[in-house]
Amino acid sequence: NIITKKNSGKSGFHLDASVNGGVFNKDGTVITEDLFLNYTHKSGLYANAELFNLGSKGFNTTEDTVTNPTAYKHPDTGDDFSKTDVIGKIGFKKNKIDMFASYKITEQKNNIDDGAFTDDDNYTTDMKRNLLTYGAAYKVNDKFSFQFSGGLTDNIRQLVDDSSKVNTTGATDKSYSEGTYKGKSSYNEFQFNFRTKGFEATAGGYYENEWMTSQTRYYSTSWGIYESKSDLDTLDINASTSGGFLHTDINGILIGEKFKPYSLALGARYVNHSLFGTALTYEINPSAKLSDNALLYFSYSTGFNAPSLYQLYSPNKNLTSNITRGNKTLKPEEARSFEFGFKQKAGNHLSWSANVFQTVISNAIDYVYLWNKNQIIDSLSFLDDRGDTYINLGTQTNKGVEFSVSSRLSEKWMIGGNFSLVYGKLEYDPSGIDTSHTKGNHVQVYTNGAFITKATESLGLVRRPNTANFNLTFLPVKKLALKLNVHFVGSRSDIFYDGTIGPYGALNTVGVSEYTLIDFSVGYQIIKGLSALIRVENISDAEYSEIKGYATRGRGFYGGLRYSF
């Protein structure tokens with residue numbers, strides 16, 4: 001659901017322009033420019049145009065390789081990044097009618113690396129995307145309205161990894177690879193809305209189609225001449241989804257005035273997927289207002305996540321077993337979630353909320369290695385390889401507690417904060433493996449290297465830290481705002497490739513330390529329509545990791561101007 005900037009609704013010509021930039025680390029720089037134009041006619045006809053540009057230079061996104069101090073380091077380590085958006089929109093909004101059409105072009109280029117801890121001097125990506133969105137709404141009266149919306153997008157992503165230098169003499173790794181990845185998606189939805197005292201309903205239907213293809217080439221002269229190519233064009237990889245939905249909000253006032261504090265939201269969605277069939281999801285959400293400023297609520301919902309086209313159709317095949325990487329028998333991941341919470345507002349100066357939640361995902365899709373079923377696991381070698389694929393394997397559970405509070409201490413001082421505690425586990429069971437696809441071969445999970453021979457439980461989830469935030473705002477005068485933000489991320493585990501996990505290697509976990517970031521900003525309205533912002537990020541210049549093996553920004557200084565009329 002892509003939402004662009006909306007016109008002001010006031011007749012005439014309007015402009016919103018901003019420029020922001022800054023420096024960080026030793027050589028990193030970033031600058032963004034945004035120009036938004038709007039013209040609205042008193043008849044209700046309007047037109048918008050926007051140009052957004054972002055550029056970053058001089059920042060090496062890969063951490064230095066500490067495990068191999070003799071490894072060659074490229075002299076030019078900057079991973080430059082650029083992104084440009086061009087957007088146009090026309091529409092008509094008057095009385096009961098609201099209709100629009102919008103077109104967006106995005107082009108993005110950046111230098112990337114070979115992976116964690118591994119820099120690359122000439123690995124680039126180029127992405128282009130076209131996005132068309134449209135919609136129309138008609139309000140019959142205060143109770144009835146209709147709405148239609150849709151969109152079409154296509155994108156192409158090109159990767160080129162040219163030969164990289166491996167030492168100071170100029171020798172290269174003698175390899176070259178390139179890939180072109182294309183995708184298209186369309187979506188159309190019709191919606192009906194009804195609203196009356198104590199009751200609201202939304203119902204509708206939709207149709208979605210997605211398509212993908214790719215062409216890849218790899219060439220190497222390291223050990224003689226070797227070349228491999230792949231082209232998925234002839235496979236016509238696509239999938240479609242259609243369905244209907246209904247959501248209602250029912251208030252107790254329908255029964256009587258004394259039941260007004262009680263509400264019940266009910267929702268359901270029916271889905272028909274061209275490959276895996278039908279699914280029905282639903283939501284139940286009762287709530288009770290304990291007072292005008294206190295709400296107690298509970299929700300239970302189900303959901304699903306369809307396998308990606310790549311997981312379903314990837315044609316890569318093991319020559320010994322004839323097992324493909326894509327698995328057309330995959331089932332969608334199914335989720336069951338509940339949340340229980342409380343919200344309280346004390347006058348106009350204090351509000352807080354607390355909730356607990358849990359999500360259980362069954363039929364979790366995992367990437368696995370397959371090994372010769374006629375060989376015992378401890379004796380497996382490369383010759384026993386029977387391919388790699390995706391299968392439904394196990395159950396994932398996420399649960400946690402969240403709390404937030406905000407307070408306006410006075411006309412000039414405001415504070416707020418929140419924290420989130422999360423926990424998770426993975427459970428694998430060999431009884432859930434589809435042996436018709438794996439042909440009974442040994443299954444090794446790539447994400448941890450474990451062979452699934454019995455029911456197994458893995459505690460903890462990677463990259464799921466406990467977090468906390470604190471913010472303080474001071475308004476010394478009407479046009480000046482000073483803000484302090486503190487962001488804490490707890491210790492957690494991350495993944496890395498471990499070649500010692502046999503026979504091929506797999507992912508292992510490593511601890512990542514906690515960190516705290518302190519940011520400070522000053523905003524000032526110079527004149528009507530013109531404002532300035534200065535901010536300092538990571539004031540203490542803390543060294544930290546979000547994803548192991550990839551660098552993060554150190555202390556940074558940024559500034560910007562914004563003008564609108």
| said: Using a 6.0 Å cut-off, check whether atom CD1 of I90 has over 12 heavy atoms from anything other than its own residue. | reply: no
Residues [X] and [Y] bridged, charged N to O under 4.0 Å:
X: E537; Y: R535; answer: yes
X: E334; Y: K331; answer: no
X: D154; Y: K182; answer: no
X: D231; Y: K229; answer: no

| request: Any chance you could lay out the salt bridge (charged side-chain N to carboxylate O under 4.0 Å, His left out) test for D142 and R195, step after step, and finish with the verdict? | output: CA-CA 7 Å; D142 291 338; R195 181 176 184 177; over 6 Å; no
Can you name the nearest heavy-atom pair linking [X] to [Y], along with the distance?
X: D113; Y: Y123; answer: O-CD1, 3.7 Å
X: L280; Y: T302; answer: O-OG1, 4.2 Å
X: F24; Y: G556; answer: CB-CA, 3.9 Å

| request: Any chance you could lay out the ring pair (Phe, Tyr, Trp, His ring centres under 6.0 Å) test for F13 and Y39, step after step, and finish with the verdict? | output: CA-CA 4 Å; F13 180 77; Y39 176 76; 7.3 Å; no
| Under the criterion ring-ring contact (aromatic ring centres under 6.0 Å, His included), which of F146, F148, F245, Y138 is the partner of F192? | F146
| request: Taking D494 for its side chain and K548 for its backbone only, find out whether a donor-acceptor pair lies under 3.5 Å. | output: yes
